[in-house]
Structures are given as structure tokens and as C-alpha cells.
Amino acid sequence: MRLTELAGKEIVNIYDGARLGIVGESDVAIDIETGQVQSIILPRRGNFISFWFDRQQLVIPWEAVRKIGSEVIIVDLDQANLSLRRYAL
């Protein structure tokens with residue numbers, strides 16, 4: 001599958017049914033030696049104030065991807081063990 005085929009697909013967590021984001025508003029970490037996707041990195045948006053001051057990103061390991069459909073990517077993430085990282089503007 002090409003990276004462009006992932007663009008526009010919504011990511012849904014099968015663990016709790018949460019809509020996590022859309023590929024295209026995200027980044028993809030790729031192993032430069034093998035060319036394989038390592039993770040999908042989604043920006044986490046809160047309210048208007050946190051949008052400007054406290055931005056975080058959600059890192060979804062590629063191993064958590066369970067199914068890629070025509071419109072949706074299904075992942076299996078336990079919300080208690082999510083990897084959230086802060087990043088600067």
C-alpha cells in the first residue's frame with residue numbers, strides 16, 4: 001500500500017470506539033533502511049487555549065493497526081497506556 005492511499009482515512013480505536021484523527025493531519029514515522037512504517041503520529045487537540053500553549057501528539061505504533069479499510073483504519077490502543085508526547089511549535 002502506498003502512503004497516499006492512507007491519506008484521508010479516519011483512525012478509530014477498537015478498544016473504546018474513539019475517533020482519534022485523520023491520516024493527512026498526521027505524520028508517519030518510517031524506518032529509512034527498510035521503508036516500513038513504524039508509527040502514525042497524530043496531533044492531539046484540546047480546547048482553544050491548549051491549542052496554542054500545550055500541544056501534544058499521540059504516537060500509534062504500527063503494530064497497533066488491526067485493519068485498513070477503504071475509509072477507516074482500525075487500531076487497538078488501551079487508553080491507559082497511550083504514548084503522548086509534547087512538542088513545540
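Quick note: numbers below take in every heavy atom, side chains included, and nothing from hydrogens, waters or symmetry partners. These figures come from a predicted structure and were not determined experimentally.
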Per the side-chain contact (heavy atoms from CB on, under 4.5 Å) rule, which among Leu77, Asp78, Ile60 passes with Asn13?
Leu77
Not counting sequence neighbours, list each pair that qualifies as a salt bridge (charged side-chain N to carboxylate O under 4.0 Å, His left out) and has a residue in residues 26-38.
none
Quick check against the 3.5 Å criterion: does Lys67 have a side-chain atom that pairs as donor or acceptor with the backbone of Ile73?
no
Atom pair CG (Leu58) and CG (Leu20), whose distance is rounded to the nearest 0.5 Å:
6.0 Å
Contacts of Ala7 meeting side chain to side chain contact (heavy atoms under 4.5 Å, CB included) (sequence neighbours excluded), chain-then-number -> none
Nearest heavy-atom pair of Pro61 and Ser39: which atoms, and what distance?
CA-CB, 4.0 Å
Of all heavy-atom pairs between Asp76 and Arg66, which one has the smallest distance, and what is that distance?
CB-NE, 3.7 Å
Could you see if Ile22 belongs to whatever hydrophobic cluster contains Val28? Use Ile, Leu, Val, Met, Phe, Trp, Tyr and a side-chain cutoff under 4.5 Å.
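Result: no, two separate clusters.
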Apply the hydrophobic cluster definition, ILVMFWY joined by side-chain contacts under 4.5 Å directly or through others, and give me every member besides Val72.
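Val72 clusters with Val12, Ile14, Ile74.
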Identify, with sequence neighbours excluded, every residue that meets side chain to side chain donor-acceptor pair (under 3.5 Å) alongside Glu10.
Arg19
